[in-house]
Amino acid sequence: MKISTVDMMSPAILKRLILLPITIFCVSSVVFFLIHLVPGDPAALMLGDSAEPGDIEALREQLGLNRPVVSQYASYLWGLVHLDLGKSIWTKEPVMQRIADRYPATLTLAGAAMAFAIMFAIPIGMISAARQDSLVDRGSMFIAVFGVSIPNFFLGPLLIIVFSIWLDLLPVSGRGSILHLILPAVTLGLGMSAILARMTRASMIEALGSGYVRTARAKGLPERTVLVKHALRNALTPVVTILGLQAGALLTGAIITETIFSWEGIGSLMVRSIALRDYPQVQGCVLVIAITYVLANLMTDIMYSFLDPRIRT
Amino acid sequence: MRSRIVKAAIGRLRCCGILLSLLLLMLSISLQGCSDESESLPRDSIVIALQSNPTSLDPRLATDAISSRVIDLMFNGLFRSNHQGCPEPDLVQDYEMPDKTTYLLKLRRDVVFQNGTGFTARDVKFTLDSIIDPKTGSRKRASYKNVEAVDVIDNWTVKIKLKEPQASFLETLKIGIVPQDYARSVGDEFANKPVGTGPFRLIEWQRGSKLRLERHDSYFRQRPAIRIITCKIVPDTSTRLLELQKGSVDFVQNEIPPESVSAFRQDKRFSVLSAPSSTYKYIGFNMRHPILSKRKVRQAMAYAINRKTIVDNLLLGQATLSSGLLDPGNTFYEPDVTRYEFDPQRARQILDEAGYPLDSKTGHRFAVSFKTSKDQRANQIAQIVQQQLDKVGIKIEIRSLEWATFYSDIIKGNFHIYSLSWVGISDPDFYFDVFNSQSFPPNGANRGHYSNAEIDRLTELGRVELDVSKRTETYSKIQKIIASDVPYISLWHPQNIAIMTSELEGFSLYPAGDFKSFERARLKQ
């Protein structure tokens, strides 16, 4: 089956592409005003108690914080149009540079966590559906419930104790070799895999009981073909929905996992920037996160088109 | 049919396995060249775990504790703190004061910067002038507002002229000296590529991940025994301790849960050092509050809080009860002040006398809010204080706020009572900053708007008095008055705690948690 690019450009996807810049503009505008509304003056935070009032004012002027918020907003938009997000108030480094330093780490961790989740969850979900109510099914679903229930701040240290301290197989934290990636990816991916496994199981059970699967079997098709080409493909649509929603969360919401494993990604950068009221850095992070979410949703739509050709029409 | 389904599923699993292998291969290729050096370190190298990434390595700009720790390793000031927190000569050979506002500093002649250039008086003038220059944007500028001029007399003599006498001035000369020519040539980049005179030089900085420092072979004191110090950034407390247990980190200092310390003490692979710190934990009052402005109320609240129970049970004894801002090791510490031992009966009696009897309907005398940060330990302490004050009839509403919001409220005076710490108190001139009525925010840190004419007079006298014995007498009076007035409830001085591999020897703790003693530390061979 060949799918051309034009075929895949369903009206829904085109609409999303058109909405992309509008969404990003709205999100970054809302965040700009929100971060300026919350209490906390970056100049006072930077200079501390020993600062003279004159020094705080001078720093506010130097950082452009004494200008009206609307004027600061106009400057921000002007910079945005020129792909210039400004410099971090605290480190004086370009915001884009700091994000570029951190984002690959986030992508690597999220990618690995998602790969782990998919490769763990879909086979488990399939086996559970095929052997419904068996010991395997119950065991798998118990693991799934355990995975979704256990919080990352507990699972992370638990995995470190078992695999790093007791078995001495993996490093405790940090980035470097492939070995450093395994524990954070499992920590981050386990919860998602549990959700996916349950969803796959439910969808597969529904698909296996449907008319087209009975027809496929009646035609004498091999069971493997029936299971994978007919049942799984149809069962994957809701799974992809969950995957799309979770992908955005994985890319941006891995703050706890990042902290436990000293994995410096964009999530921890944003949290720290909010605490320090580093306005340009927060705005830059939110912008990237918004783009990530929109693109993750777009990818989900494209996946729908691939899985279900009816959506393209 | 079931078995066919399972076979199909197994086939699918195989495909997944192949895909996973491919993914791992791709990731391993992308991560190649970033091997973790901490796992193959020679015996003359150590790994220190730091809580966060330094914000800047320029001593003129950095203010956070983590940056200061790393700067300790790379820079020397004209003076440095001794183990009592008092200034002692570092890059200065000798100094004299021709008059009360002039410091004539004779510099060491055997000092070279890590880039090979010699240290001279020009570097001192450049460093101090650049801090004073508003264009530098130094957060330490306010500390130098009393400096009138810095003059180079000759290559190794500097004259600093002050506008008026300042007894604490040597404290400000602990700042790291930067090389003039290099700092000018690199500009803002100095914060990322620092060069100092200290025992270690920066050779690598992977932001958010680690810093590597190498021994400065031309260091003017004895060459350090440790060749490489790797500072690994490990934000999570549990992970830092797990790294230590695994042996991939050799040293951790402070922010250690008290309950973990005893476990490390019993493990022969580690040695644990603890010593009183100059950090001061307190509860502050808003003096503009109609009830809290009354001294008797504040005294009653001090009697109602069982600090010893908190220290013994929550902090497991890893703090010393305080009677004022200065720790007992401080030269100016006055032990003979009013102390508030836990006495709830007396607290109730004082509150009755002050005109705040128990309301039989509400069961309380009055209610106030207690602001604290989101820090877990700070919240636990707030809850204990809430229960203890409730027993004498004071209702406390805890308001736990995100740090920047909390700090904003505190400096604006938007609180009833709050809890915070002062870190690194060494000179008693600090009393001026927190209790003199000229120091009301935004001019200073008298956040509770405490005002006492005698304290104003004494703190102004203490800051210009250069005679140590007279100054000690002045601060003794100040400490007695403050203890009696209770603008702060003094809680405790937490201990500095360092856990390290037992192979590391020669490291000692300073009251402010400095890393300076790493220049004398070594690994047992």
Side-chain angles (χ1 to χ4, degrees), chain A residues 38-41 44-53 55-56 58-59 62 90-92 101-102 108 111-112 115 118-119 122-123 126-127 130-131 157 160-161 164-165 168 171-178 180-181 222-224 227-228 232 259-262 264 268-269 272 274-277, chain B residues 1-2 4-9 11-13 16-17 19-20 23-24 27-28 30-31 34-36 38-39 52-53 55-56 63 134 137 139-143 145 188 191 207-210 232-236 238-239 242-243 245-246 248 402-405 407-409 411 433 442-445:
Chain A
V38 291
D41 177 7
L45 278 171
M46 281 174 81
L47 295 176
D49 291 307
S50 60
E52 299 277 298
D55 289 344
I56 294 177
L59 184 61
Q62 190 189 334
W90 281 78
T91 66
K92 312 274 189 241
D101 288 346
R102 301 287 195 101
T108 307
I118 292 169
M119 286 165 197
I122 292 181
M126 279 178 69
I127 293 169
R131 294 194 163 192
I160 292 174
I161 290 168
S164 302
I165 309 289
D168 198 19
V172 174
S173 71
R175 287 177 66 201
S177 68
I178 184 79
H180 285 91
L181 185 60
E223 187 58 26
R224 183 172 174 159
L227 198 70
V228 177
L232 181 64
T259 306
I260 292 168
F261 292 97
S262 313
E264 290 280 292
S268 50
L269 174 67
R272 187 165 166 75
I274 292 169
L276 297 173
R277 298 292 187 268
Chain B
M1 189 180 78
R2 284 271 163 115
R4 290 173 71 187
I5 295 170
V6 173
K7 272 184 191 168
R12 191 73 187 161
L13 270 172
C16 290
L19 277 170
L20 182 63
L23 183 84
L24 293 178
L27 285 168
S28 66
S30 71
L31 293 166
C34 308
S35 62
D36 189 356
S38 64
E39 282 161 21
S52 63
N53 201 43
T55 54
S56 169
T63 50
R139 296 155 204 174
K140 297 172 178 172
R141 186 168 161 255
S143 306
K145 63 185 177 189
D188 285 348
R207 281 189 175 275
S209 175
K210 67 178 174 184
K232 187 173 180 180
I233 316 299
V234 187
D236 186 66
S238 310
T239 311
L242 290 168
E243 290 270 20
Q245 278 201 331
K246 186 176 166 65
S248 42
E402 175 259 350
W403 171 252
T405 308
Y407 185 70
S408 171
D409 276 358
I411 59 175
D433 295 325
N443 296 314

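Here is the naming used below: chain letters follow the sequence lines, and residue numbers restart at 1 for every chain.
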> Excluding sequence neighbours, so at least two apart, what forms salt bridge (charged side-chain N to carboxylate O under 4.0 Å, His left out) with B:Arg207?
Replying inline: A:Glu93
>> Checking B:Asp433 now: which residues fulfil salt bridge (charged side-chain N to carboxylate O under 4.0 Å, His left out) with it, not counting sequence neighbours?
In response: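 Salt bridge (charged side-chain N to carboxylate O under 4.0 Å, His left out) check on B:Asp433 returns nothing, list empty.
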> Heavy-atom distance under 4.5 Å to chain B: side chain of A:Ile260, backbone, both or neither?
Replying inline: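 Both the backbone and the side chain of A:Ile260 come within 4.5 Å of chain B.
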> Which pair of non-hydrogen atoms, one from B:Pro235 and one from A:Ser262, has the smallest distance, and what is that distance?
Replying inline: CD-OG, 3.6 Å
> Checking B:Thr55 against chain A: side chain, backbone, both or neither under 4.5 Å from a heavy atom?
Replying inline: both
> Under a 4.5 Å heavy-atom cut-off, does chain A meet the side chain of B:Glu243, its backbone, both or neither?
Replying inline: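 The answer is both parts of B:Glu243.
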> Donor-acceptor pair, B:Lys246 side chain versus A:Val172 backbone, under 3.5 Å?
Replying inline: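 Not confirmed, B:Lys246 side chain does not pair with A:Val172 backbone.
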>> Rounded at 0.5 Å granularity, tell me how far OG in B:Ser408 sits from CZ in A:Arg277.
In response: 8.0 Å
> Among A:Asp101, A:Ile165, A:Ile161, A:Ile274, which residue forms the greatest number of heavy-atom pairs with chain B at distances under 4.5 Å?
Replying inline: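 Looking at each of A:Asp101, A:Ile165, A:Ile161, A:Ile274 in turn, A:Ile165 comes out on top.
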>> Side chains of B:Gln245 and A:Ser164, heavy atoms from C-beta outward: is any pair under 4.5 Å?
In response: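 Contact flag for B:Gln245/A:Ser164 side chains = no.
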